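This report concerns only the one structure given below.
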Amino acid sequence: MALVLASGSRIRAELMKNAGLSFETDPSDVDERAVEQPLLEAKFPPEDLASVLAEAKGNDVSSRRPTDLVVGADQILAFEGERRTKPEDMEAARRQLLTFSGKTHELHSSVVISRGGEAIWRNVSTARLTMRDLSPAFVGHYLANAGDSVLSSVGAYQLEGLGVQLFEKIDGDYFTILGLPMLPLLAELRTLGVVET
């Protein structure tokens with residue numbers, strides 16, 4: 001029985017590797033927008049969106065690898081009651097950061113373990129992040145220094161890098177912010193006998 005990460009995310013793989021986990025990577029083929037569209041229309045809360053998407057990814061890979069334990073994950077950013085997606089370009093990132101300036105948003109990170117095409121465990125963790133007041137000049141300098149990598153992040157920042165300079169206050173788990181709640185995941189992997197107790 002292998003442990004499999006159903007994600008192509010560099011940071012999620014890095015978090016699992018740094019935790020000493022032995023795993024394979026097999027990204028899901030799930031069309032996330034197609035899965036979430038009916039949920040958005042039904043006005044599902046952001047944390048439920050994250051959970052459903054993580055489960056869809058985990059179950060997708062698990063159906064191809066029924067004897068393995070598959071870790072699916074997803075993250076949703078909620079700001080003033082609305083879901084936000086990754087910025088399309090640097091101008092969209094600039095606008096988004098200026099919109100977030102001086103305000104709080106939430107990151108809902110879900111992790112699911114699937115086996116045999118079905119989820120056998122789920123967790124959603126939430127972090128609340130408050131940005132400091134940002135000037136347009138600072139945002140411009142930040143984006144120029146951070147580069148296109150911000151476009152791979154739903155919030156247009158990476159907390160593990162220059163993005164930390166954007167914030168005034170953070171309530172929540174570091175791993176949740178990076179998109180994979182490691183502490184509950186490791187606890188469940190211990191329960192399943194995958195990680196030494």
Side-chain angles (χ1 to χ4, degrees), residues 1-32 34-36 38-40 42 44-78 83 86 105-129 152-155 158-161 163-164 169-197:
M1 177 181 67
L3 181 64
V4 180
L5 175 62
S7 171
S9 163
R10 176 196 58 81
I11 192 67
R12 287 187 180 118
E14 195 173 291
L15 291 174
M16 289 180 63
K17 180 182 171 196
N18 290 346
L21 296 176
S22 176
F23 65 98
E24 300 172 31
T25 301
D26 186 354
S28 167
D29 297 325
V30 164
D31 181 345
E32 295 180 45
V35 170
E36 72 181 2
L39 305 177
L40 290 170
F44 271 55
E47 57 271 28
D48 289 351
L49 275 176
S51 186
V52 169
L53 287 167
E55 185 168 333
K57 294 175 189 177
N59 290 352
D60 172 55
V61 173
S62 179
S63 65
R64 299 194 305 259
R65 307 178 65 143
T67 61
D68 295 332
L69 284 178
V70 178
V71 176
D74 198 78
Q75 184 179 68
I76 298 288
L77 188 152
R83 175 189 63 91
K86 293 175 184 174
H105 64 270
E106 295 178 329
L107 289 173
H108 303 283
S109 291
S110 178
V111 59
V112 170
I113 298 175
S114 298
R115 182 168 39 206
E118 294 183 8
I120 61 170
W121 176 83
R122 301 168 186 80
N123 175 271
V124 178
S125 298
T126 298
R128 292 174 53 81
L129 298 89
S152 67
S153 165
V154 69
Q158 287 148 330
L159 195 70
E160 68 275 22
V164 72
K169 181 181 177 187
I170 295 173
D171 294 313
D173 180 81
Y174 179 71
F175 301 109
T176 295
I177 296 164
L178 296 188
L180 187 63
M182 287 299 298
L183 299 180
L185 174 61
L186 288 169
E188 183 60 20
L189 291 175
R190 286 188 198 97
T191 299
L192 293 169
V194 177
V195 176
E196 187 178 5
T197 58

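Here the structure is a predicted model, which is why all the values come from computation and not from measurement. Computed over heavy atoms, backbone and side chain alike; hydrogens, waters and symmetry mates excluded.
Proximity of a side-chain donor or acceptor of Gln75 to a complementary backbone N or O of Thr176 within less than 3.5 Å is detected. In this structure, Asn59 contributes its side chain and Ala119 its backbone to a donor-acceptor pair below 3.5 Å. Within the 3.5 Å criterion, the main-chain N or O of Glu47 finds no donor-acceptor partner in the side chain of Ser51. Within the 3.5 Å criterion, the main-chain N or O of Val70 finds no donor-acceptor partner in the side chain of Asp68. Judged by distance alone, with hydrogens and angles left aside, the side-chain atoms of Lys57 form no donor-acceptor pair with the main-chain N or O of Val30 at under 3.5 Å.
Put simply, the side chain of Leu49 reaches to within 4.5 Å of the side chain of Leu40, judged on heavy atoms. With a 4.5 Å cut-off on side-chain heavy atoms, Glu118 and Glu55 do not count as touching. Looking only at side-chain heavy atoms (C-beta outward), Asp26 and Arg64 come within less than 4.5 Å of each other. Within the 4.5 Å cutoff, the side chain of Met182 has no heavy atoms near those of the Tyr174 side chain. Two residues are said to be in side-chain contact when any heavy atoms from C-beta on lie closer than 4.5 Å; Ile113 and Leu189 meet this criterion. Using a 4.5 Å cut-off on side-chain heavy atoms (C-beta onward), Leu53 and Val35 make contact. For the pair Ser125 and Phe175, the minimum side-chain heavy-atom distance is 4.5 Å or more.
Annotation: the span from Arg128 atom CZ to His108 atom NE2 amounts to 9.0 Å, rounded to 0.5 Å. Here CG of Leu77 is found 11.0 Å from CD1 of Ile177. Values are rounded to the nearest 0.5 Å. Distance check: Asp171 CG to Thr126 OG1 gives 11.5 Å after rounding to the nearest 0.5 Å. One distance of note links CG of Leu178 with CG of Leu159; it measures 6.5 Å at 0.5 Å rounding.
The side chain to side chain contact (heavy atoms under 4.5 Å, CB included) test with Val71 is passed by exactly one of Leu21, Val111, Val112: Val111.
Of all the heavy atoms in Phe23 and Lys17, the pair that sits closest is CE2-N, 3.6 Å. Smallest separation of non-hydrogen atoms from Leu186 and Val195: CD2-CG2, 4.5 Å. Scanning both residues, Ser62 and Gly116, for their nearest heavy atoms gives OG-N, 3.0 Å. When all heavy atoms are compared, the tightest approach of Ser63 to Pro66 is O-CD, 4.1 Å. Residues Asp74 and Ala50 come closest through the heavy atom pair CB-O, 3.6 Å.
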Side chain to side chain contact (heavy atoms under 4.5 Å, CB included), that's the test. Do Asp48 and Leu39 meet it? Break it down for me. CA-CA 9 Å; Asp48 289 351; Leu39 305 177; over 6 Å; no
Report all side-chain donor-acceptor pairs from residues 1-14 shorter than 3.5 Å, counting only partners two or more places apart or in another chain.
from: Ser7; atom 1: OG; to: Ser9; atom 2: N; distance (Å): 3.0
from: Ser9; atom 1: OG; to: Ile11; atom 2: N; distance (Å): 3.4
from: Ser9; atom 1: OG; to: Arg12; atom 2: N; distance (Å): 3.1
from: Arg10; atom 1: NH1; to: Glu14; atom 2: OE1; distance (Å): 3.1
from: Arg12; atom 1: NE; to: Gly179; atom 2: O; distance (Å): 2.8
from: Arg12; atom 1: NH2; to: Gly179; atom 2: O; distance (Å): 3.3

